[in-house]
Asks: 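Handing you a structure now.
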Amino acid sequence: MIPESTRWTTRALRRYNRAAALSRLYEQGSASRQELAALTGLSSATVTNVVTELLADGLVVEAGSVSSAGGRPRGILRVCTENLRFAGVDVGETEIRVGLFDGALNPLAMTSRQPGRDLSPANVVGLVTDAITEVTSSEDNRIPLLGVGVGVPGAVDERPGTETDDGLVYAPTLGWDAVPFGGMVAAGAHAPVHLENCARALGQAEMWFGAGRGADRAVVTLLGIGVGAALMISDASPRGGSGLTSEWGHTVVNLDGRPCRCGSSGCLEAYVGADAVLARYLEEGGEPGLIRSGTQEGLRQLFHRADTDEIARSVVEQTAKVLGVGVANLINLLAPDRVVLAGWAGLVMGPAILPQVREVARKHTLPHAYAAVSISLGASGADGVARGAASLPVLALLRSGSLPAEPSVEAS
Ligand SMILES: [Zn+2]
């Protein structure tokens, strides 16, 4: 009988080998068994065994063959991304966006829900699971969901040692304090759930597919009602690298300035957050009807009428100025080579204010730091957070090298 410790080690080794082969193949796009052995450092025999298992699980497929000098043709393998399904969720304060993605994170279906004023965990979970059901039902031949990634506007306290983080969410702006959100969504979605701060999820999408591609240190900002930023550090893999989130929105840009909903005053968010921009417009005597159709539409209209409405123009200019100072602070503090203005409000405001944001940022940074950075608009679109969140279960699959077990639906 094999001792317990040896059996565990064998299992761990097998898992490691599968993960190594699957990850390298995913990054590479396609490879022969021989190339995979060279890429992973595993023996040919081990690669052959691992590939046989991955083929049997449907995670990998034969993708043709190439002739080799003097030998048998070599079979080419690739990850069967088209048969893998993941959901990505963006829990925003104004809108919940949910997408279905394949293993290469191509969007297959998107939908959204409006939570209105009821941001209680129970209501949000109901909307999220309902939207997941809608996107997964959009395909005729329904393929089982392998995992759900969720971006939340707050901090996630992961539970170390668990395969998925049923983690607790602390999101003061939603009124959530230690909400076991992952477990609640998993119970309705019948798939493992991974949680992430939404700025970091957006950062992942911008690094993987958007305006952060090729950057070494990109700061990806998320502009919405709330204002956040994630520092994304490339690790040379095509999967984006690691990220750190910050409370950039609550850095002070004006001593004794406008009160912020965090309880402090003079915060960046109190000037450039979507609600704050609209509030400033009304305070200066703007047209009150603007906000009747909600924050998103109100902000769109405000920027649209900046050509003809003097108050709107002044508010847009002020917003660009304060955002430029906020960006300058990021550059002075973090020395990034790229700053990306993203998030739904970034999409609305960005095109009109980017030149002025650059100019103000230049004025307030040291020349060598400004010379090393480019400031650009996000390129991952309105679904960036959802797509970035969907990368979490994809990365979990690559890390584990195997299909997830039947999900635990307990919040534990
Ligand atoms: Zn604040």
Side-chain angles (χ1 to χ4, degrees), residues 90-95 115 117 119 124 151-157 168-179 196-203 219-231 243-284 291 294-296 298-299 302 315-334 336 339-350 353 357 360-361 364-365 378 385:
D90 172 6
V91 176
E93 290 177 62
T94 53
E95 189 177 36
R117 287 187 187 173
L119 291 165
V124 172
V152 291
V156 177
D157 181 8
L168 304 174
V169 175
Y170 297 83
T173 57
L174 303 180
W176 294 11
D177 185 30
V179 171
E196 180 67 280
N197 170 271
C198 53
R200 203 159 87 169
L202 181 63
V219 176
V220 177
T221 66
L222 196 169
L223 300 162
I225 289 180
V227 173
L231 172 64
L244 300 166
T245 52
S246 70
E247 293 293 350
W248 179 53
H250 302 288
T251 56
V252 174
V253 291
N254 187 1
L255 285 178
D256 308 317
R258 291 171 58 82
C260 179
R261 56 183 180 158
C262 73
S264 176
S265 61
C267 298
L268 180 65
E269 186 175 299
Y271 292 87
V272 305
D275 276 347
V277 173
L278 287 168
R280 281 167 41 230
Y281 175 73
L282 296 184
E283 284 163 17
E284 290 183 25
I291 55 164
T295 303
Q296 290 207 7
L299 193 69
L302 191 157
V315 167
V316 167
E317 270 174 23
Q318 272 301 313
T319 304
K321 201 167 171 183
V322 180
L323 189 58
V325 169
V327 168
N329 290 343
L330 283 176
I331 295 169
N332 284 330
L333 199 60
L334 300 169
V339 174
V340 178
L341 305 178
W344 73 261
L347 287 172
V348 172
M349 305 191 295
I353 62 176
V357 168
V360 173
H364 294 282
T365 46
V385 173

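As the structure lists them, so they are numbered: ligands from 1, and atoms in each ligand from 1.
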Asks: Of the non-hydrogen atoms in Ala270 and Pro259, which two are nearest, and what is the gap between them?
Replies: CB-O, 3.8 Å

Asks: Any idea which heavy atoms bring Leu202 and Thr221 closest together, and the distance?
Replies: CD2-O, 3.9 Å

Asks: Which atom pair, heavy atoms only, marks the closest approach of Pro336 to Leu330?
Replies: CD-O, 3.9 Å

Asks: Considering non-hydrogen atoms only, spot the tightest contact between Tyr271 and Gly257 and give its length.
Replies: OH-CA, 3.4 Å

Asks: Are there over 12 heavy-atom neighbours, none belonging to Glu93, within less than 6.0 Å of that residue's CD?
Replies: yes

Asks: How close do Ala201 and Glu196 get, heavy atom to heavy atom, and via which atoms?
Replies: N-CG, 3.9 Å

Asks: Check for me: within less than 2.8 Å of the Zn ion (ligand 1), which protein N/O/S atoms show up?
Replies: His250 ND1, Cys260 SG, Cys262 SG, Cys267 SG

